[in-house]
Each structure stands twice: as C-alpha cells, then as structure tokens.
Amino acid sequence: MRSFLYRANVMHNRLGPKKHRFHYSVFMFCLDLDALDEDLREISLVKRNRFSLFSFYDKDHVVNEQGTQNAGNGVRSELDFFLRKNGMEK
C-alpha cells in the first residue's frame, strides 16, 4: 500500500487588533492516485465513489472550466491534463 494517513497540527496566531491563538490536531489522507483503487480496497473505512465513513469522490477533484470532469476520465488523467494545460508538466 502506497497511500497513508498524516497526523498534523494546525495553528492560528493573530496579533491584532485583538490577540487570538488556537491549535488543533487533524488527520489527512495522502492517496497515491496511481494505486488508488488497490489501496482503498485495503482500507475498509474509505470507499471510492460510494458513501462510507470516509469517501473519495472523483467528481470532487480536478474539474474542467465547466465545473465537470471529462466523461470516463479518472482523477489521475484529469490531474495530468490540468498540469499540462497550465504548463506544469510532470
């Protein structure tokens, strides 16, 4: 499995007009798009394009100018297209 879970701390510190500071722990998934289906089969709490405690929906990631994904393309191909189009080829 090439995907994993990060534990991180988020902190905010405002100095003015009134001092305010807070921090809290968060968890974030780092998903390998090349092995997404394989990795998610091993994690029972995460489902792809289905409801679960944690769900990864393709439609929520990397959309075109019209706000939709190209029919039949997965997240990886949409991301590659976006990077090429914006001069950030891999």
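Small disclaimer: the values here were computed from a predicted structure and weren't measured.
Contacts of R2 classified as side chain to side chain donor-acceptor pair (under 3.5 Å), with partners at least two apart in sequence or in another chain: D32.
The hydrophobic cluster containing F27 does not contain Y6, counting ILVMFWY residues as joined when their side-chain heavy atoms lie under 4.5 angstrom apart, directly or transitively.
Looking at R41 and D37, no side-chain N of the basic residue comes within less than 4.0 Å of a carboxylate O on the acidic one, giving no salt bridge.
In this structure, CZ on F4 lies 11.0 Å from CD1 on I43, to the nearest 0.5 angstrom.
Using a 30° and 60° split on the angle between ring planes, Y24 and F22 fall in the parallel class, below 30°.
Between the S55 side chain and the K47 main chain, no donor and acceptor come within less than 3.5 Å of each other. Judged by distance alone, with hydrogens and angles left aside, the side-chain atoms of S52 form a donor-acceptor pair with the main-chain N or O of L45 at under 3.5 Å. Panel note: side chain D39, backbone S3; a donor-acceptor pair is recorded below 3.5 Å. Under the 3.5 Å distance criterion, the side-chain polar atoms of D58 are left unmatched by any main-chain donor or acceptor of N49.
Side-chain contact between H12 and H23: absent, with no pair of heavy atoms (C-beta onward) separated by less than 4.5 Å. In this structure the side chain of L31 reaches within 4.5 angstrom of the side chain of L40, judged on heavy atoms. A 4.5 Å side-chain heavy-atom check between L36 and V75 finds every atom pair outside the cut-off. Using a 4.5 Å heavy-atom threshold, the side chains of M28 and L5 count as separate.
Between F54 and F56, the distance separating the two ring centers is not shorter than 6.0 angstrom.
Contact between M88 and F82 at its shortest, heavy atoms only, is CE-CE2, 4.3 Å.
Sparse packing is recorded around CZ of F51, with 12 or fewer heavy atoms of other residues, nucleotides or ligands lying under 6.0 Å away.
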